[in-house]
Amino acid sequence: MAISAKLLGEDEYVVVSTRTHWKALIFPVFLLLVVAGGGGFLAAIVPAGSMQTPGRIAILAVGVVLLVAFAAKPFLNWFFSTYTLTNRRLITRHGILTRTGRDIPLMRINDVSYEHHLMDRILGCGTLHIESAGERGQVVLPDVPHVEHVHLQMSDLLFGGPEGKPGDGILDDEQPPEHQRRKQQPDDGETLFKSD
């Protein structure tokens with residue numbers, strides 16, 4: 001789920017990486033159960049005879065079309081949408097076939113706030129509002145799991161941690177965790193581009 005380490009800059013590491021909350025899957029799972037149960041029941045009551053096999057195939061085809069049309073797309077949207085916070089930027093990725101992404105450097109973020117309504121509080125998610133100095137202004141990230149924790153992590157990176165040091169993702173004597181460090185490529189003297 002986390003962004004690939006090769007897409008991170010030097011000394012950049014992932015602080016938080018998540019998908020939207022699992023509540024996006026409630027309707028697809030409910031629909032799967034209804035279609036599977038209803039299809040199984042209808043297939044069982046098809047009368048015996050020459051039309052039994054074509055009738056069951058038709059029931060199966062209608063069930064598959066319903067699942068693809070109304071359950072697969074929300075599931076794939078959930079699966080392929082990620083929010084990643086590194087010590088340098090906020091990275092969002094969305095889309096199934098056409099991927100869209102947005103990277104916001106932490107030093108351009110002016111304000112971070114969150115809200116969660118009663119149902120969001122029960123389920124443990126919320127909406128994160130990010131004001132940036134860019135031309136597009138505000139970014140809204142809906143259904144962020146553990147939104148208070150993500151808000152706290154981002155605030156610490158932006159405005160400093162408990163020691164009150166300045167933020168923008170750069171802390172004195174900062175070392176990323178070993179498993180999140182970008183591996184240095186061996187220097188074999190070659191450049192990325194050659195002119196032969």
Side-chain angles (χ1 to χ4, degrees), residues 1-8 13-86 89-104 112-130 136-155 177 179-180:
M1 168 173 47
I3 194 164
S4 173
K6 65 184 176 185
L7 299 177
L8 299 176
Y13 62 92
V14 174
V15 177
V16 176
S17 183
T18 187
R19 290 187 175 94
T20 58
H21 193 265
W22 57 262
K23 79 177 187 179
L25 300 178
I26 292 174
F27 177 73
V29 169
F30 176 74
L31 184 64
L32 174 66
L33 295 174
V34 169
V35 168
F41 174 74
L42 291 175
I45 64 169
V46 172
S50 62
M51 294 303 292
Q52 185 177 37
T53 301
R56 287 181 174 170
I57 291 173
I59 291 169
L60 177 64
V62 169
V64 168
V65 167
L66 284 172
L67 290 177
V68 168
F70 298 107
K73 186 177 178 190
F75 172 77
L76 292 173
N77 279 333
W78 171 83
F79 187 78
F80 287 111
S81 297
T82 60
Y83 305 138
T84 304
L85 174 65
T86 73
R89 58 192 165 139
L90 173 68
I91 304 165
T92 61
R93 298 289 184 260
H94 302 281
I96 301 168
L97 297 177
T98 303
R99 300 282 290 159
T100 58
R102 185 167 181 193
D103 294 8
I104 304 172
V112 181
S113 61
Y114 70 91
E115 66 177 330
H116 49 170
H117 305 289
L118 179 61
M119 188 56 69
D120 291 339
R121 291 174 63 193
I122 292 169
L123 294 174
C125 64
T127 302
L128 199 62
H129 297 273
I130 298 159
R136 288 196 246 170
Q138 188 178 44
V139 176
V140 178
L141 304 179
D143 299 329
V144 177
H146 310 290
V147 69
E148 292 173 320
H149 174 73
V150 175
H151 177 261
L152 179 63
Q153 293 285 335
M154 186 174 279
S155 295
H179 69 282
Q180 293 180 335

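Keep in mind that what you see is a predicted model, and the values were worked out from it rather than measured.
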Visitor: Using the side-chain hydrogen bond (donor to acceptor under 3.5 Å, both in side chains) criterion, which residues pair with His117? Sequence neighbours excluded.
Guide: none
Visitor: Mind checking what makes side-chain hydrogen bond (donor to acceptor under 3.5 Å, both in side chains) contact with Tyr83, not counting sequence neighbours?
Guide: none
Visitor: Keeping the roles fixed (side chain from Arg56, backbone from Ala43), state whether a donor-acceptor pair exists under 3.5 Å.
Guide: yes
Visitor: At their closest point, which heavy atom of Arg89 faces which heavy atom of Leu8, and how far apart are they?
Guide: NH2-CA, 3.9 Å
Visitor: For a 4.5 angstrom cut-off between non-hydrogen side-chain atoms, does Leu66 reach Val62?
Guide: yes
Visitor: If you round to the nearest 0.5 Å, how far is CG of Leu32 from CZ of Phe30?
Guide: 11.0 Å
Visitor: Please name all residues satisfying ring pair (Phe, Tyr, Trp, His ring centres under 6.0 Å) with His21, sequence neighbours left out, ordered by chain then number.
Guide: none
Visitor: Looking only at heavy atoms, which two atoms of Asp120 and Lys23 are closest? And how far apart?
Guide: OD1-NZ, 2.8 Å
Visitor: How long is the gap from CG on Leu123 to CG on Leu118, to the nearest 0.5 Å?
Guide: 9.5 Å
Visitor: Looking only at non-hydrogen atoms, find the nearest pair between Pro28 and Ala24 and report the distance.
Guide: CD-O, 3.5 Å
Visitor: Which pair of heavy atoms, one from Val68 and one from Ala72, lies closest together, and at what distance?
Guide: O-CB, 3.6 Å
Visitor: Measuring from atom OG1 of Thr92 to atom CG of Asp103, what distance do you get when rounded to the nearest 0.5 angstrom?
Guide: 7.0 Å
Visitor: Give a yes or no on whether the backbone of Gln138 and the side-chain of His129 come within a donor-acceptor separation of less than 3.5 Å.
Guide: no
Visitor: For His149 and Val144: C-alpha separation, side-chain torsions, deciding distance, then whether side-chain contact (heavy atoms from CB on, under 4.5 Å) applies.
Guide: CA-CA 10 Å; His149 174 73; Val144 177; over 6 Å; no
Visitor: Without swapping roles, check the side chain of Trp78 against the backbone of Arg19 for a donor-acceptor pair under 3.5 Å.
Guide: no
Visitor: Could you go step by step and tell me if Thr53 and Ile57 meet the side-chain contact (heavy atoms from CB on, under 4.5 Å) rule?
Guide: CA-CA 6 Å; Thr53 301; Ile57 291 173; 4.0 Å; yes
Visitor: To check you understand the geometry: which heavy-atom pair defines the closest contact between Asp143 and Thr127, and what is its length?
Guide: N-OG1, 4.2 Å
Visitor: Quick check for you: to the nearest 0.5 Å, what is the distance between Leu25 atom CG and Leu31 atom CG?
Guide: 12.5 Å
Visitor: Rounded to the nearest 0.5 Å, what separates atom CD1 in Ile130 from atom OG in Ser113?
Guide: 8.5 Å
Visitor: In Å and rounded to the nearest 0.5 Å, what is the CG to CG distance from Leu90 to Leu128?
Guide: 8.0 Å
Visitor: Closest approach of Gly95 and Ser81, non-hydrogen atoms and distance?
Guide: N-OG, 4.3 Å
Visitor: Has the side chain of Arg99 got a donor or acceptor atom that lies under 3.5 Å from a matching backbone atom of Phe80?
Guide: yes
